[in-house]
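Below is one structure, written out as structure tokens; comments come after it.
When reading the values below, keep in mind they use all heavy atoms of this one structure, side chains included, and skip hydrogens, waters and symmetry mates.
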Amino acid sequence: RVIVERPKLVPVEHFNYNEPEAPARVLASWDEVAHIPHHDRHNLIDSFTPEAVQVLGIAYTTADQVGSTKVSAVHLLYALLSLPKVYVLFIRLGISVKSLQEKLVPLFGESTGRTTGQAPTLGDDFEQAIFQAYEEAYHSRQTFVDVTELLLAAVRGSVATQDILY
């Protein structure tokens, strides 16, 4: 018998709202990033709920299955629509999830130029959605990043997803 311990979640970074924000440190190169002390590094994915991490994996798998060269915010929205929490939200709004997913499929992007066995890369809008979801949780004082923050980030960060929903 195997017992698997549930991974421990790390809360979204605490923000002291009484102190003024320090200016953001801008890093000019990857060498500077590599020299950041370990105690100052923060792995954002540790703050995501298991369901949010799962939906990122579903988006990647979807992009891989359709042969897309990049994982985009469109793949993320498509994956989010398959989750019960998001599915119920759209149903309550009177929006057909199936028709939304059908409208998203043509927007998956080019599948040409990808060789057999080559994995899709992460698109800029997908990476930005991850950061924006964390930032949304941070500013709304959420303890963890959930699928609702990913939904907001996927829609806000991509013109294609906004056109489908509006």
Side-chain angles (χ1 to χ4, degrees), residues 6-7 9-13 15 17 21 24 26-27 30 33 42-166:
R6 184 172 163 243
L9 296 175
V10 177
V12 171
E13 184 178 340
F15 182 72
Y17 291 91
E21 280 192 58
V26 178
L27 303 173
W30 284 109
V33 173
H42 186 73
N43 187 355
L44 298 183
I45 260 331
D46 291 341
S47 300
F48 282 59
T49 63
E51 192 176 27
V53 172
Q54 178 188 13
V55 80
L56 293 174
I58 293 169
Y60 185 87
T61 304
T62 302
D64 191 29
Q65 287 174 347
V66 299
S68 296
T69 55
K70 292 186 181 268
V71 186
S72 69
V74 175
H75 295 102
L76 180 58
L77 181 58
Y78 186 88
L80 282 162
L81 291 172
S82 67
L83 293 178
K85 187 185 286 187
V86 177
Y87 188 88
V88 168
L89 172 74
F90 279 93
I91 293 298
R92 287 185 178 173
L93 292 171
I95 301 170
S96 170
V97 173
K98 298 279 186 218
S99 68
L100 275 179
Q101 285 181 319
E102 288 170 4
K103 290 177 183 176
L104 288 171
V105 171
L107 302 175
F108 278 166
E110 61 182 73
S111 58
T112 59
R114 196 172 134 200
T115 60
T116 306
Q118 182 184 10
T121 59
L122 302 182
D124 292 338
D125 58 347
F126 184 80
E127 289 178 353
Q128 284 301 312
I130 293 171
F131 286 110
Q132 288 171 359
Y134 183 86
E135 195 173 299
E136 179 66 34
Y138 178 80
H139 288 297
S140 61
R141 301 180 187 183
Q142 298 293 321
T143 307
F144 303 109
V145 181
D146 199 13
V147 294
T148 52
E149 286 81 25
L150 280 173
L151 178 62
L152 279 171
V155 173
R156 286 181 182 163
S158 170
V159 175
T161 57
Q162 289 174 11
D163 288 343
I164 293 290
L165 291 176
Y166 296 120

With rounding to the nearest 0.5 angstrom, report the [atom1] to [atom2] distance, [X] to [Y].
X    : Y    : atom1 : atom2 : answer
D125 : I130 : CG    : CD1   : 10.5 Å
E51  : T148 : CD    : OG1   : 9.5 Å
K103 : L100 : NZ    : CG    : 6.5 Å
Q132 : L152 : CD    : CG    : 10.0 Å

Task: Pair L56-L150, side-chain contact (heavy atoms from CB on, under 4.5 Å): steps then yes or no - done: CA-CA 9 Å; L56 293 174; L150 280 173; 4.2 Å; yes

Once side-chain hydrogen bond (donor to acceptor under 3.5 Å, both in side chains) is applied, do any residues pair with [X], and if so which ones, sequence neighbours excluded?
X    : result
E136 : R156
K85  : D146
S72  : H75
Y78  : none

Is there side-chain contact between [X] and [Y], with at least one heavy-atom pair below 4.5 Å?
X    : Y    : answer
Q162 : V155 : yes
L104 : L81  : yes
V97  : Q101 : yes

Minimum heavy-atom separation for [X] to [Y], with atom names?
X    : Y    : value
A160 : V74  : CB-CG2, 4.1 Å
A129 : A153 : O-CB, 3.2 Å
V71  : A63  : CG2-CB, 3.7 Å
L80  : A154 : CD1-CB, 4.2 Å
Y60  : P120 : OH-O, 3.2 Å

TODO: Only counting residues at least two apart or in another chain, list the ones meeting ring pair (Phe, Tyr, Trp, His ring centres under 6.0 Å) with F126.
DONE: none

Task: Test log, rule side-chain contact (heavy atoms from CB on, under 4.5 Å), inputs L76 and I58 - done: CA-CA 8 Å; L76 180 58; I58 293 169; over 6 Å; no

With a cut-off of 3.5 Å and sequence neighbours excluded, list every side-chain donor-acceptor pair involving residues 87-96.
residue : atom : partner : partner atom : Å
S96     : OG   : S99     : N            : 3.3
S96     : OG   : S99     : OG           : 3.4

